[in-house]
Every structure is written in C-alpha cells, then in structure tokens.
Trainee: 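Supplied in structure tokens, the structure appears directly below.
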Amino acid sequence: MAKTHPEDLDWNKLGFKYHDLPYRWVDEFKDGKWQGGHLTQDSSITFNEAAEELHYGQEVFEGLKAYRRKDGGINLFRPEQNAKRMANSAKRLLMEPYPEDEFIKAVKEVVKANQDFVPPYGSGGTLYIRPFMMGMQPIVGVSPSETYQFRIYATPVGAYIKGLKPMPYEVSDYDRAAPAGTGQAKTAGNYASSLMPSLIAKKNGFADALYLDPKEHKYIDEFGGANFFGITKDGQFQTPKSDSILPSITKHSILKIAEELGLNPIETKIPIDDVDRFVEAGAMGTAAVISPVGSLTYQGKKHAFGDETKVGPITQKLYDTLFGIQVGDLEDKYNWIVKLN
C-alpha cells in the first residue's frame, strides 16, 4: 500500500478511514519482558498461520485522538486513561499489559513523527490513534500466548458521524457481549459480534443498533461503538450503569462536565420501557465524540427525543464544552490535556 502524503488529503473531506502514514510504533513481548519499542515505517505484520490472535482472539486495542489547536500546537486528551484501560483489557484476556508510562511515550512519539497529518484547526478533523496488542505465539490448543506484539498506528479522520444531526437508532434483538463476559474489555470479539446487528439496523434505515443488557434484556447497555446518555425532562444527565459495557473515557469526562453544568449526572440502570423519561439523548465515545440520537425504535414502537430534527440545547452544550477543551478553545479545569508543542 502506498504511503499517504499530506498533499494527498482534503482536510475537509477526510471521512473515517485508514491512511498509511509514514510512522508507527512496534514492540514485542518475549522471554518474559517487553523488548523496548521503536518507530518503524513498515505497516505490515507477519503472522504464523497458527498465531493465537488469529484463532482464539487474544487481542485488545484502544482509540484516542490528537487535536490541532488554533495556535498550531497539538493536544492529546487523557492518554493516561487509555493506557490504564488497555492494561485492564489485557489483564482480562490474560495478556501481558503494556507499561502505562511506555504507552504514553509511544503515543507521543507516533503523533510527533506524523504531526504533518494532524488536520488543521477548524477543519473538523483529528488524528485518530490506534494502539493494539496481539497474541503472536503459534498455538493449537486453547491457552494464552506467551508472546505479544504491541503496535500503534495513526490516521487522519473526519467526523465518525457527520455533524450534530440527530439520527434514528434501532434497539437490537442481538447481544453485544455475554453476562460476565468481556464487555468491559476493548477486544475485537465484542466488535465482531456487533457487525451483523449493525448491518441489519442500517438496512432497516437506522444509523446503528442499541443493545440491551445481555442478562435480562430490560435495560439499556450501549451502542456498537459508543455509550448512551439521556437528558430527563427535569434536566438530569443519565447514562447506563452496567457490568457489560465498555468504561468510556468520553463518558467519564462528560459526567464531570455535566456536573459542572448543574445537570446532577448519574450512572444508573435505565429500563428500555422507561425511555420516555428523556427529552434528549445521544451517543458518546472517542470516535463519535457526542452524536445526538433523534429516536429509538424498540419492538416496532418509535420514541422520539424532543424535536428529532435538531440537536437539543443540553446535548449541544455538552459537545461544545468537551470539544472546546480538546482543541484548546476552553480552559482545561481538569488537567485532561497533554500538550505536545
């Protein structure tokens, strides 16, 4: 695959897709220790045909972004939380966690090496950063690998969901994760299981699928790639509390912002039959940032959140505040931003 050059890109029409940038990070765990990572220009990975990751899915990953400030500098948003979450995911899958300080160092190195690909301020684009780790040992029986490869690549992206336009979603009959399974880990299998429900939802005219809890199918869990939130009629921010959903860094950031805005935020069980408590709703995550949900359709019944044709005022305020902090337009009261230059 040919390497991408900055002049090849239209910053205002990036889409959400992969570009082969000049540099990425690679490190290996073998003989009981990480070997010491380095930048490489090689975007290819060589597997043995019996590699653990290929057959038994021992793989974890992360997603974070680099943002261009108005002064031309670059911000990272809470990378230490991605390092911590990836370590937790690795432990759940019996993988050797990548040292958190080395994770942050590697992210910085990849962004600096590819800084010409961080989209300009005001374009709406960001540099998406994908750390991931794979079990590399050739294994036939089901057991954890003893060797791993950790890598980070980056790619410039536009909005995952274009604009703050409310979209319709469908509640899926499928489960994203099993009760007491790997729902809290950011691992490939959770996303593989969401491919069919997502396709079905899109064929039915919806933006994506929303999943219920896998044990009772009574409570809202999350979307395929983002957490759910709702704003009640009396102005309270609510988001699901569940053991089977990914602990979103964006969600925990918005919980703090919502508290600052006087929205009395809570994590709580949200019965799908009680969804009419909300006048606004949205999806939140690194890729999605905040995307308003115009309606939910469940068992053939549609529930619209307020005026489903335009973003609600509280959702707009949450988005403006979060994104304003990320790009450096608003004061970072929480020490979330890591400035690279």
Trainee: Taking R24 for the side chain and P22 for the main chain, is one N or O donor matched with an acceptor at less than 3.5 Å?
Mentor: yes
Trainee: Please round to the nearest 0.5 Å and tell me the distance separating atom OG1 of T268 and atom CD of Q238.
Mentor: 6.0 Å
Trainee: Please list, one pair per line, the donor and acceptor atoms closer than 3.5 Å that link side chains of residues 334-341 to other protein atoms, with sequence neighbours excluded.
Mentor:
unit_1: N341; atom_1: OD1; unit_2: I74; atom_2: N; d: 2.9

Trainee: For E49, is the CD atom crowded, meaning more than 12 foreign heavy atoms sit under 6.0 Å from it?
Mentor: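 Not buried by this count: 12 neighbours or fewer within 6.0 Å.
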Trainee: Where do T155 and F117 land on the side-chain contact (heavy atoms from CB on, under 4.5 Å) test, with the steps shown first?
Mentor: CA-CA 8 Å; T155 183; F117 294 90; over 6 Å; no
Trainee: Can you tell me if CG on D173 sees more than 12 non-hydrogen neighbours from other groups inside 6.0 Å?
Mentor: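 No.
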Trainee: How about T232 and F237: do any of their side-chain heavy atoms sit closer than 4.5 Å?
Mentor: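 They are not in contact (no side-chain heavy atoms under 4.5 Å apart), so the answer is no.
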Trainee: Between atom CG of D20 and atom OG of S44, what is the distance when rounded to the nearest 0.5 Å?
Mentor: 8.0 Å
Trainee: With a 4.0 Å cut-off, would you call K215 and D213 a salt bridge?
Mentor: no
Trainee: Taking atom types as modelled and ignoring hydrogens, do the side chains of Y219 and K241 form a donor-acceptor contact shorter than 3.5 angstrom?
Mentor: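 Per modelled atom types, Y219 and K241 side chains form no pair under 3.5 Å.
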Trainee: Enter the distance from W25:CH2 to H38:NE2 here, rounded to the nearest 0.5 Å.
Mentor: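 These two atoms lie 8.0 Å from each other.
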Trainee: Would you indicate whether D276, at its atom CG, is surrounded by more than 12 heavy atoms from other residues, nucleotides or ligands within a distance under 6.0 Å?
Mentor: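 Yes, enclosed.
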Trainee: With rounding to the nearest 0.5 Å, note down the distance linking NZ in K108 to CD1 in I152.
Mentor: 12.0 Å
Trainee: Report yes if the distance between the aromatic ring centroids of Y174 and Y211 is under 6.0 Å, otherwise no.
Mentor: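 Between Y174 and Y211, the centre distance exceeds or equals 6.0 Å.
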Trainee: Report yes if the side chains of P247 and R85 come closer than 4.5 Å at any heavy-atom pair, otherwise no.
Mentor: yes
Trainee: Using atom types as modelled and distance alone, determine if a side-chain donor or acceptor of N114 lies under 3.5 Å from a backbone N or O of V110.
Mentor: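 Between the backbone of V110 and the side chain of N114 there is a qualifying donor-acceptor contact (under 3.5 Å).
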Trainee: Working to the nearest 0.5 angstrom, can you tell me the gap between E259 CD and I266 CD1?
Mentor: 12.5 Å
Trainee: Going from OG on S198 to CZ on R176, what distance comes out if it is rounded to the nearest 0.5 angstrom?
Mentor: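 Rounded to the nearest 0.5 Å, the OG-CZ separation comes out at 12.5 Å.
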Trainee: More than 12 heavy atoms of other residues, nucleotides or ligands under 6.0 Å from CZ of F29: yes or no?
Mentor: yes
Trainee: Measure from the side-chain N and O atoms of N204 to the backbone N and O of F206, and report whether any donor-acceptor pair falls under 3.5 Å.
Mentor: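 Absent.
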Trainee: Assess the side chains of S123 and N12: does a donor N or O sit below 3.5 Å from an acceptor N or O?
Mentor: no
Trainee: Hey, do the aromatic rings of Y67 and Y121 have their centres closer than 6.0 Å?
Mentor: no
Trainee: Under the salt bridge (charged side-chain N to carboxylate O under 4.0 Å, His left out) rule, what do K33 and E96 come out as? Steps first, then yes or no, please.
Mentor: CA-CA 9 Å; K33 62 181 181 180; E96 181 64 28; over 6 Å; no
Trainee: Would you call K251-E267 a salt bridge at under 4.0 Å N-O?
Mentor: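 Salt bridge present between K251 and E267.
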Trainee: Who passes side-chain hydrogen bond (donor to acceptor under 3.5 Å, both in side chains) against R92, sequence neighbours left out?
Mentor: none
Trainee: Does E146 come within less than 4.0 Å of K30, counting only side-chain N to carboxylate O?
Mentor: no
Trainee: Quick check: do N75 and R69 have side-chain heavy atoms less than 4.5 Å from each other?
Mentor: yes
Trainee: Decide, yes or no, whether a salt bridge links K317 with D320 under the criterion of side-chain N to carboxylate O below 4.0 Å.
Mentor: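 Looking at D320 together with K317, the answer is no, because their closest N to O distance does not fall below 4.0 Å.
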Trainee: Less than 6.0 angstrom from the centroid, inside 45 degrees of the normal: does K65 satisfy that with respect to the ring of Y128?
Mentor: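 Not flagged: K65 not positioned over aromatic ring of Y128.
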Trainee: Does T187 reach the main-chain N or O of E59 with its side chain, forming a donor-acceptor pair under 3.5 Å?
Mentor: yes
Trainee: Checking S242 against D221: is there a side-chain donor and acceptor pair closer than 3.5 Å?
Mentor: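 There is such a pair (donor and acceptor under 3.5 Å, judged by atom type) between the side chains of D221 and S242.
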Trainee: Evaluate the criterion side-chain contact (heavy atoms from CB on, under 4.5 Å) for residue pair I45 and M136; output intermediate values, then yes/no.
Mentor: CA-CA 10 Å; I45 304 172; M136 301 294 284; 4.3 Å; yes
Trainee: side-chain contact (heavy atoms from CB on, under 4.5 Å) between L322 and I254: does it pass, once the steps are laid out?
Mentor: CA-CA 7 Å; L322 177 64; I254 293 174; 4.1 Å; yes
Trainee: Considering all heavy atoms of both residues, which atom of P214 and which atom of A177 are nearest to each other, and what is their separation?
Mentor: CB-O, 3.0 Å
Trainee: Judged by atom type as modelled, is there a donor-acceptor pair below 3.5 Å linking the side chain of D27 to the main-chain atoms of G37?
Mentor: yes
Trainee: Could you tell me whether E62 and R130 make a salt bridge, using a distance below 4.0 angstrom between a side-chain N and a carboxylate O?
Mentor: no
Trainee: Does any N or O in the side chain of S248 come within less than 3.5 Å of the main-chain N or O of G285, such that one atom is a donor and the other an acceptor?
Mentor: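 No: the side chain of S248 does not pair with the backbone of G285.
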Trainee: Below 4.5 Å, heavy atoms only, C-beta onward: do V171 and T297 meet side chain to side chain?
Mentor: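 They are not in contact (no side-chain heavy atoms under 4.5 Å apart), so the answer is no.
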Trainee: Look at the aromatic rings of F103 and F150 and report parallel, tilted or perpendicular, splitting at 30° and 60°.
Mentor: tilted
Trainee: Are the side chains of L195 and L199 in touch, meaning some heavy atoms are under 4.5 Å apart?
Mentor: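 Side chain of L195 against side chain of L199, heavy atoms only: no contact under 4.5 Å found.
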Trainee: Between Y191 and F61 (judged by ring centroids, cut-off 6.0 Å), do the two rings come close enough to count as a pair?
Mentor: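 Yes; F61 has its ring centre under 6.0 Å from that of Y191.
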Trainee: Could you check whether Q58 and Y148, counting side-chain N and O atoms only, form a donor-acceptor pair closer than 3.5 Å?
Mentor: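 Distance-only check passes for Y148 and Q58.
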Trainee: Show, in sequence, the C-alpha distance, side-chain angles and deciding distance for L164 and Q316, and conclude whether the side-chain contact (heavy atoms from CB on, under 4.5 Å) test is met.
Mentor: CA-CA 8 Å; L164 284 180; Q316 181 73 61; 3.3 Å; yes
Trainee: Looking just at side-chain N and O atoms, do T250 and N227 make a donor-acceptor pair shorter than 3.5 Å?
Mentor: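 Looking only at side-chain atoms, N227 and T250 do not form any donor-acceptor pair under 3.5 Å.
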Trainee: Name the orientation class of the two ring planes belonging to Y169 and F223 (parallel below 30°, tilted from 30 to 60°, perpendicular beyond 60°).
Mentor: tilted
Trainee: Side-chain contact, heavy-atom cut-off 4.5 Å: L210 with E170?
Mentor: no
Trainee: Taking the side chain as every heavy atom from C-beta outward, state whether M284 and T239 have any atom pair closer than 4.5 Å.
Mentor: yes
Trainee: Quick check: are there more than 12 heavy atoms from other residues, nucleotides or ligands sitting under 6.0 Å from NZ of K3?
Mentor: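 Atom NZ in K3 is packed in, count exceeds 12.
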Trainee: Without hydrogens or angle criteria, can the side chains of T315 and E280 be said to hold a donor-acceptor pair below 3.5 Å?
Mentor: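 E280 and T315 do have a side-chain donor-acceptor pair below 3.5 Å.
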Trainee: Please examine the side chains of I139 and H55, heavy atoms only from C-beta on, and report whether any two atoms are closer than 4.5 Å.
Mentor: no
Trainee: Classify the angle between the aromatic ring planes of H303 and F305 as parallel (below 30°), tilted (30 to 60°) or perpendicular (above 60°).
Mentor: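 Correct class here is perpendicular.
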Trainee: Looking at K302 and E308, is any side-chain nitrogen of the basic one under 4.0 Å from a carboxylate oxygen of the acidic one?
Mentor: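 A salt bridge links E308 with K302.
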Trainee: Of the non-hydrogen atoms in P156 and P119, which two are nearest, and what is the gap between them?
Mentor: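 Where P156 meets P119 most closely, the heavy atoms are CB-CG, 4.2 Å.
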